[in-house]
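Take a look at this one; I'll ask things after.
The chains referred to below are lettered A, B, ... by the order of the sequence lines, with proteins before strands, and numbering in each begins at 1.
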Amino acid sequence: MKSTLIDLTSRLQAALIAAFGSELAQTDPILVPTQNPKFGDYQANVAMSLAKPLRQKPREIAVQIVEHLDVSGLCEPPEIAGPGFINLKLKTDYLTAQLKTMQKSDRLAVEAVKQPQKVIVDFSSPNIAKEMHVGHLRSTIIGDSLARTLAFLGHDVLRLNHVGDWGTQFGMLITHLRQVCPEALTSSEAVDLGDLVAFYKEAKQRFDQDEAFKAASREAVVELQSGGEEALRAWQILCEQSRREFQKIYDRLNIQITERGESFYNPLLPDVVKDLKSLELLETDQGAEVVFLTGFTNKEGNPQPLIIQKSNGGYNYATTDLAAIRYRIQRDEADRIIYVTDAGQANHFMQIFQVARRAGWLPDTVEVVHVPFGLVQGEDGKKFKTRSGETVRLRDLLDEAVKRARQDVEQRIQAEGRSETPEFIQQVAEKVGIGAVKYADLSQNRTSDYIFSFDKMLALQGNTAPYMLYAYVRVQGISRKGGIDFSQLGTDAPVILADEAEFAIAKHLLQFDETLAAVEQELLPNRLCQYLFELSQKYNQFYDRCDVLQAAEPQRTSRLILCDLTARTLKLGLSLLGIEVLERM
RNA sequence: GGGUCCUUAGCUCAGUGGAUAGAGCAACCGCCUUCUAAGCGGUCGGCCACUGGUUCGAAUCCAGUAGGACCCGCCA
């Protein structure tokens, strides 16, 4: 099915050429949905912008465009309003035909992209030997949602977990464990991740205070990097253990991701240094090998260096990230690489991208993009922490959300005098709780800091997961009550639009593909959230105003089709956010 | 010193160079004999931080100012 926006845009472009010649072939007709229904459904704003170059009055330009415009299959006759707006109102026949096409399609007639790309989404990326915390939440669910959306649109998506599985912290940890808990280094059963986190904190403290310990730790890093068997074995055990814990979280969040940690790039690091050197980008500064950056200056006003190799010969994350870019472009053949990390790393990525570009590793045909997100804050506006000031563990946060969701469901069931099995209650609580956490995060523009509030995300009204899940449940309620199998609704049965609420839903349903295209471009999942919220609102209005099961045929079947399309759009849209629907709640 | 981002209703936030800037929450007023009221309708609420500029048109683009968050050589 052709997207309405794309179809109308190309028709407007044709009209521009027909009216004013081929020099306007590249002119954007500036077609946007109207904000006020009295102006129709779409408006083209191009006439005003052409007034100066064409030296004509905008309204006259609009008249000429409309004279050459063929939209008779889609729209009522175009109207020119105000200074030169071209207002387009979709024909009812067009709306119903499009809806029928959606109904027959197993993907709601959303076309796959014409030029699929190899896209890498780098997200989540927790650190080994540390617990996943609220800071990993945003990267994980935003990255997952983007990956799902791009894959649905037909791209070849590789989801990579760039876990922090290498570096000085392991020297520290191994040294400490050798002294206080050697069994942790020989068996992954000996301690759990919680213990490891405690050991890590102790090790860090010693590292900062104890010179001898610091030296021993550095020794251990060297041991590890040179492939010392015992150190390597210890490292593997630590990784395995962390991995098991991470997997529990990923299972619970329903996240699929391929682990390819920093250590993966270790063998490639010497070549990064070597090649930068032969390109004469590398310079020695205060004992370290650095690339001086353009556009970044230090406090003295001199060009700022990016450290590629430390004075002790070790590498740091810039080196790893450069190696990763090369690998992803050369070996993975990525066309687009998306990094979902916090906004604080914006500088870092600009620097990495600059060096990769200057080294010729990053051609213009490849798009690298940092997708930043803001901090998670508590309701006091400060960094999100527990009452005792600790970082909030992700598993505790998810437990809490589910617990609150369960209390809510139980209360409601009691109030309504229903009787439900414990399994049902548990399932609803889990899906509502996890869905609420995800939706609350995704529904905000990711670039701003995000105030975390259980009360708001689990609220039963407003732009929340429960609201949308409820709209979906309402549709399923109709199907149960009427014994309707939506998949068996006649494909020949007509869609009839009469009530204002029916028109509103119909038009909104047809904008699903435009919304997904916007997410693909802007990488902002909150656009999809906004769309789904509006769809839910429109459905609830429809539900309020229009009887479905009691309606007379053929209106009854027509309305059932609208219900079905709404439910399928909600289900698909929510799935692209990583949120599962419920049949009852 | 340099850089990035932010500032929109009491609160939390949307907002694509276009017509009268929108939601949700909170507050207040209504609507359940009828598909789950976790819903719907209504009222109230605005110097889009400020000052300029670009433009036929600016919350949106540019510059400056103020306030805030974050990053900037051997952590990631």
Side-chain angles (χ1 to χ4, degrees), chain A residues 30 32-36 38-39 43 45 48-49 51-52 57-58 81-85 87 125 127 162 164 166-169 262 285-290 293 295-301 304-312 314-318 320-321 341-348 350-351 372 374-375 377 379 381 408-409 412 416 418 432 443-445 447-451 453 455-456 459-464 466-467 469-471 473-482 484 518 522 526-527 529-530 533-534 536-537 539-541 543-550 563 584-585:
Chain A
I30 318 181
V32 294
T34 57
Q35 284 194 341
N36 191 326
K38 79 179 181 193
F39 300 130
Q43 62 185 59
N45 302 329
M48 281 84 76
S49 70
K52 192 165 272 186
K57 290 187 178 146
F85 297 109
N87 291 338
S125 309
N127 289 318
H162 193 75
W166 203 252
T168 42
Q169 75 260 31
E262 294 171 347
D285 191 66
Q286 297 176 30
E289 298 298 315
V290 308
L293 300 161
F296 295 87
T297 55
N298 62 18
K299 285 165 190 161
E300 289 77 45
Q304 191 177 304
L306 180 70
I307 293 183
I308 304 296
Q309 190 167 26
K310 298 191 278 191
S311 52
N312 68 0
Y315 306 102
N316 61 14
Y317 69 131
T320 307
D321 280 346
T341 77
D342 68 276
Q345 295 191 47
N347 270 335
H348 168 67
M350 279 192 285
Q351 295 170 357
L375 301 172
Q377 298 175 325
E379 292 185 71
D408 215 68
V409 175
R412 184 172 315 284
E416 292 172 1
R418 289 155 62 188
V432 170
S443 61
Q444 302 233 349
N445 186 317
T447 54
S448 44
D449 288 344
Y450 160 51
I451 295 185
S453 161
D455 289 336
K456 289 215 166 109
L460 315 168
Q461 51 281 116
N463 189 3
T464 63
Y467 178 88
L469 293 173
Y470 180 62
V473 161
R474 279 186 139 178
V475 180
Q476 303 315 314
I478 288 179
S479 128
R480 268 194 307 280
K481 181 92 174 194
I484 310 290
E522 301 165 6
N526 66 305
R527 291 242 189 249
C529 294
Q530 188 67 30
F533 176 54
E534 284 168 9
S536 304
Q537 280 183 316
Y539 182 74
N540 278 330
Q541 285 156 4
Y543 186 93
D544 225 47
R545 291 171 58 123
C546 303
D547 287 328
V548 177
L549 293 173
Q550 284 86 350
C563 288
R584 276 196 318 127
M585 64 192 276

- Checking only heavy atoms, does the side chain of A:Asn540 share a donor-acceptor pair with the base of B:A37 at less than 3.5 Å?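 Check fails, no donor-acceptor contact within cut-off.
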- Query: Contact class for A:Val290 vs. all strands (heavy atom < 4.0 Å): base, sugar-phosphate, or nothing?
  - Reply: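 If one applies the 4.0 Å heavy-atom cut-off, A:Val290 turns out to touch nothing in the nucleic acid.
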- Task: Return the 5'-most residue of the pair A:Leu375, A:Asp408 with respect to RNA chain B, ranking by each residue's nearest nucleotide.
- Result: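 Looking at the nearest nucleotide for each, A:Asp408 comes out on the 5' side.
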- Contact class for A:Glu534 vs. all strands (heavy atom < 4.0 Å): base, sugar-phosphate, or nothing?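 Answer is nothing: A:Glu534 stays at 4.0 Å or more from every strand.
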- Message: Under 4.0 Å, counting only non-hydrogen atoms across every strand here, what does A:Asn347 touch: a base, just sugar-phosphate, or nothing?
- Response: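 Result for A:Asn347 = base.
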- Query: Are the side chains of A:Asn463 and A:Gln530 in touch, meaning some heavy atoms are under 4.5 Å apart?
  - Reply: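 A:Asn463 vs A:Gln530: side chains touch.
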- Query: What nucleotide among B:A38, B:A23, B:C35 has an atom nearest to a side-chain atom of A:Phe533?
  - Reply: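 When the side chain of A:Phe533 is considered, B:A23 is the closest of B:A38, B:A23, B:C35.
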- Message: For a quick check of understanding: with a heavy-atom distance under 4.0 Å over all strands, which category does A:Ala471 fall into, base, sugar-phosphate or nothing?
- Response: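 The answer is nothing, as A:Ala471 stays clear of every strand by at least 4.0 Å.
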- Task: Describe the nucleic acid contact of A:Asp285 in one word from base, sugar-phosphate, nothing, applying a heavy-atom distance below 4.0 Å.
- Result: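 Counting heavy atoms under 4.0 Å across all strands, the contact made by A:Asp285 includes a base.
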- Task: Return yes if the base of B:A23 and the side-chain atoms of A:Gln530 contain a donor-acceptor N/O pair under 3.5 Å, otherwise no.
- Result: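 Flag unset: no donor-acceptor pair detected.
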- Hey, which sits more toward the 5' end of RNA chain B by its nearest nucleotide, A:Asn127 or A:Asn45?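 Looking at RNA chain B, the more 5' nearest nucleotide goes with A:Asn45.
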- Could you measure between the two C1' atoms, the one in B:G18 and the one in B:C13, and give it in whole Å?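 B:G18 and B:C13 have their C1' atoms separated by 23 Å.
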- Message: Base of B:U20, side chain of A:Lys38 - is there a donor-acceptor contact under 3.5 Å?
- Response: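 It does, because a donor-acceptor pair links the side chain of A:Lys38 to the base of B:U20 below 3.5 Å.
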- What nucleic acid atoms does A:Ile451 come within less than 4.0 Å of, heavy atoms only: base, sugar-phosphate, or nothing?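 Sugar-phosphate, no base atom in range.
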- Query: Which nucleotide, B:U16, B:C40, B:C11, lies nearest any side-chain atom of A:Asp544?
  - Reply: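 Closest nucleotide to the A:Asp544 side chain: B:C40.
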- Ring-base stacking, A:Tyr467 with B:A38 (5.5 Å, 30° cut-offs):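 Taking the rule of under 5.5 Å and under 30°, the ring of A:Tyr467 does not stack on B:A38.
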